[in-house]
Amino acid sequence: MTERNILVCFALLLGGTVCGQTADTAETDTLKSQQLGNVTITARRAGTSRVVGPVNGVRINREELCRAACCNLGESFTTNPAVDVNYSDAATGAKQIKLLGLSGTYVQMLTENLPNFRGAAAPYALDYVPGPWMNSISVSKGCSSVRNGYEAITGQINVQYLSPESDPGVTVNLYGNTKSRFDANADASVELSEGLSTALLLHYQDDWGDYDDNSDGFLDQPSLRQYNLQNRWVLESGHYVFHAGVALLKEQRDGGQTDRPRTAGSPRYVIGVETDRYEGYMKHGITIDEEHNTSLALMGSASLHLTDAAYGNKRYDVNEKNAYVQLAFETSFTEQHNLSAGLSLNHDHLRYNLLTEREEHATDQETTAGAYAQYTYTPNSHWTAMAGLRADHSNRYGTFATPRFHLKFTPADALSLRLSAGKGYRTVHALAENNFLLASGRRLIVDNLDQESAWNYGLSASLNLPLFGKTLKVNAEYYHTRFSRQAVVDYDSNPAEIRITNLSGKSYSNTFQADATYPVLTGLELTAAWRINDVKTTYGGRLMEKPLTSRYKGLLTASYKTPKGQWQVDATAQLNGGGRMPTPYTLPDGTASWPSRFSTYEQLQFQVTRWFRRFSVYVGGENLTGFRQQQPIISAADPWSDAFDATMVWGPVHGATFYAGIRVSIGPRQ
C-alpha cells in the first residue's frame, strides 16, 4: 500500500467518508417503532421484499444497499442473489449484468419507470447511477409487463432515485479505498412552496492509482474521473402531478500499458474512453376518478450520448440520440377487473465512425410506434391473472406483436405460486454495445444483423414457513429462455476473428435458483442461495456452452445488528462455478492461448457499520479471499500482435480491497 493510500484511508476514518445510502440512527432509519403507552414494539425493516403482484420480482431498498459499499448500480447486487455483475474486459473496467444466465443486454433498464441506458450507454451504464442517489431497485425476472415496451427478454431493472417530495433534507457521502478510489456525493431536497419540491444530486469519482499487481505490464484498472449531476422537480396540485428532471454526466477512462512497455522500442498501448451524456425527462399525471383508480399519464424522456474511444491504434466514436414518449391510461372497473392501455413512440438515431485497418462510417435510425393493452383479473384473494398484448411497428423491421401472460395462485397465506410466459424483441447496436471487443488483436467482424426475438417461460414458488417462533422464507424458481433470432458473439469458429453474426441453430438458457432467509437470532439474519445455469448457443454449427459463463453460483450472507441498532456487521460469501472458455488456439510460441475451461473461485466481503444520530461510519473489505484471474489479458507483452486479447475475463481482476467511509445527514431526512 502506498504512503498516499495510507494517508487517504486514515483521513477517511477520521474525517468521514462513504459510499452508500443516506441513513440516520438505527432507531430512526432502520427500525420501525410503534409506541403503545409505555410499551415500544420494535422490528427491523427487511432490506429486500418480494413483489406482491403476479410478476416475480424483488425490491431492494436502502436498508439492503447500506450493507455494502454500493458506490454505483453495478456494486448494488453483491449481497443479493437476484443479479450477477461481471467484468466485460480487463482493460476498460466495463461491467455487465447477467440475469437468468444471459448478458445484461436482454434486461430492460429503467429509471423512474422510463426506458434508459440503451445502445452506446450499455457497456458502462452500471457506473452511471451513483449508489447514494438510489432510493430502491426493483428487479423483475422473466417477461415483464408490456407497459414499458417489448425489450424485456430476461427481466427488468428499475431504479427509483431519491424523491424531492418524500425525502427532504441534505446528505453528504464520501468514500475511499486502498486502490486509490475516492467518491464524493451530496444531495439536497427542499420544499419551495406547498406542492413544489426540487432535489439536486451531485457525484464525483476519481480513480487515480496505477496498479499492476500481476506484473503483466497493463494497468489492473483504468484511471477514471466522473462528474455527475441531476436536478429533479415535483409539482403536486390537486389531482395533477408533474415530475421533471435533467442530468449531465462527463467521464474519462484511461487504461492500457504502464509507462514502461515490456517490448523495447514499441509504442505504449493506450486505451481511452471519453463520454458525455445528457438526459431529460418529464411526467404528467392526472387522477380522473379516485374511486376506480382511473388515471391518465403522459411521460417522456430524451438523451444524447457521445463516446470517443481509443484501443491502441483503433478508434471508435459514436453519437447516439434517443427520444421516448408514452401516453398511459389505467382504470379499475371493479375490484376484480383492471385495465391498462397506452401508446408509445421511440426514436433511436446512432451515428458512428470506426477506424481499424480501414475507416467505416454508418448511421442507424429506428422509429417504433406501439400500442398496448393489459388486463388484470383478480376474482378472489387466491388468484390473479394478468394478460398483456402490444403491437409495434418499426420502420426497419415492420410490425410485430408481443404477448405476455402472468398467473399467481395463493392457496394459503404462506404460499405463492407464479407462472409466466411471454415474448420479447430487441434491436441490436452491435458495435455500440460491444465496443470493448476492440481491445483484442483479433479482427472484429459484424454481419448484417436481424432483430432479436425470444420466448421466456417461468415458474416460481414462495413459501413463508413458521419455524421455532420465526419465519423461514423460501423461494424457488425456474426459467427457460429460447431464442428464435439472436446476435451471437462468436469467439470459437475462427481464431483470427471475433464475429457478431445471426444465430444459425439453437440458443437457449435454463436457470434454476433456490434461496432461503431466516432470522437465526434476534438481530441476526442469514440468506443462502444456489443457482444452476445451463446456457447453450450454436457456434459455427456446433451447440456449445456459452463461454465465460459460470455453471453455478452459491451465495451466503449474514447480517447482524445490535439490539439498540448502533452496530451492524455484514458478511457475504460467494462460490462461482467454473465454465467453458472460447475455443483456444495455438500461439506463435506453440502454447495454447488459454485453458479450455476456467475454474471455480470464492469471494468474501465484510463490512462493519457504526450508526450515530446524524451520521454513520463504516469500514470493510471486498474480495478478501484475494482471488483474481491470473492472466486476464492474453499476450499482454505484445499488445500490437494478433494474439493480444483483453476480453477473456471470467473472474475478478483485482485482489483484496479495503475501504472506509462516512454518510452524514443534515435536516429532516431520516
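Starting from 1, each residue takes its place in the sequence as its number. As the structure is a prediction and not an experimental result, all values here were calculated from the model.
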Nearest atoms (heavy-atom pairs only) where Lys98 meets Leu548 |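 Reported closest heavy-atom pair: NZ-O, 2.8 Å.
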
Distance-minimising heavy-atom pair for Thr481 and Ile153 | CG2-CG2, 4.0 Å

Salt bridge check: are [X] and [Y] linked by an N-O gap of less than 4.0 Å?
{"X": "Arg181", "Y": "Glu75", "value": "yes"}
{"X": "Lys250", "Y": "Asp276", "value": "yes"}
{"X": "Arg351", "Y": "Asp317", "value": "no"}
{"X": "Asp348", "Y": "Arg396", "value": "no"}
{"X": "Arg225", "Y": "Asp206", "value": "yes"}
{"X": "Asp492", "Y": "Arg580", "value": "yes"}
{"X": "Arg551", "Y": "Asp534", "value": "yes"}

Test Asn502 against every option in Asn448, Val488, Asp450 by the side chain to side chain contact (heavy atoms under 4.5 Å, CB included) rule and name the one that passes.
->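 Going through Asn448, Val488, Asp450 one by one, the side chain to side chain contact (heavy atoms under 4.5 Å, CB included) with Asn502 is satisfied by Asp450 alone.
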
Checking side chain to side chain contact (heavy atoms under 4.5 Å, CB included) against Ser76, which of Val159, Val129, Ile137 comes through?
->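 Only match with Ser76 under side chain to side chain contact (heavy atoms under 4.5 Å, CB included): Ile137.
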
Decide yes or no for [X] and [Y]: does some side-chain heavy atom of the first lie under 4.5 Å from some side-chain heavy atom of the second?
{"X": "Asp447", "Y": "Ile500", "value": "no"}
{"X": "Asn177", "Y": "Phe658", "value": "no"}
{"X": "Arg118", "Y": "Asn322", "value": "yes"}

Step through it carefully: locate the ring centre of Tyr128, locate the ring centre of Trp133, and say whether they are under 6.0 Å apart.
-> no

Parallel under 30°, tilted from 30 to 60°, perpendicular over 60°: which one fits the rings of Tyr585 and Trp594?
-> perpendicular

Stacked cation flag Lys95 on Tyr124, 6.0 angstrom / 45 deg | no

Lys/Arg cation over aromatic Tyr106: Arg426, 6.0 Å, 45° cone | yes

Give a yes or no on whether Arg597 atom CZ has more than 12 heavy-atom contacts from other residues, nucleotides or ligands under 6.0 Å away.
-> yes

Test item: side-chain donor near acceptor, His305 and Thr307, under 3.5 Å | yes

Which residues satisfy the salt bridge (charged side-chain N to carboxylate O under 4.0 Å, His left out) test with Lys553, sequence neighbours excluded?
-> Asp84

Distance in Å, Thr549 OG1 paired with Leu102 CG, rounded so as to fall on 0.5 Å steps = 8.0 Å

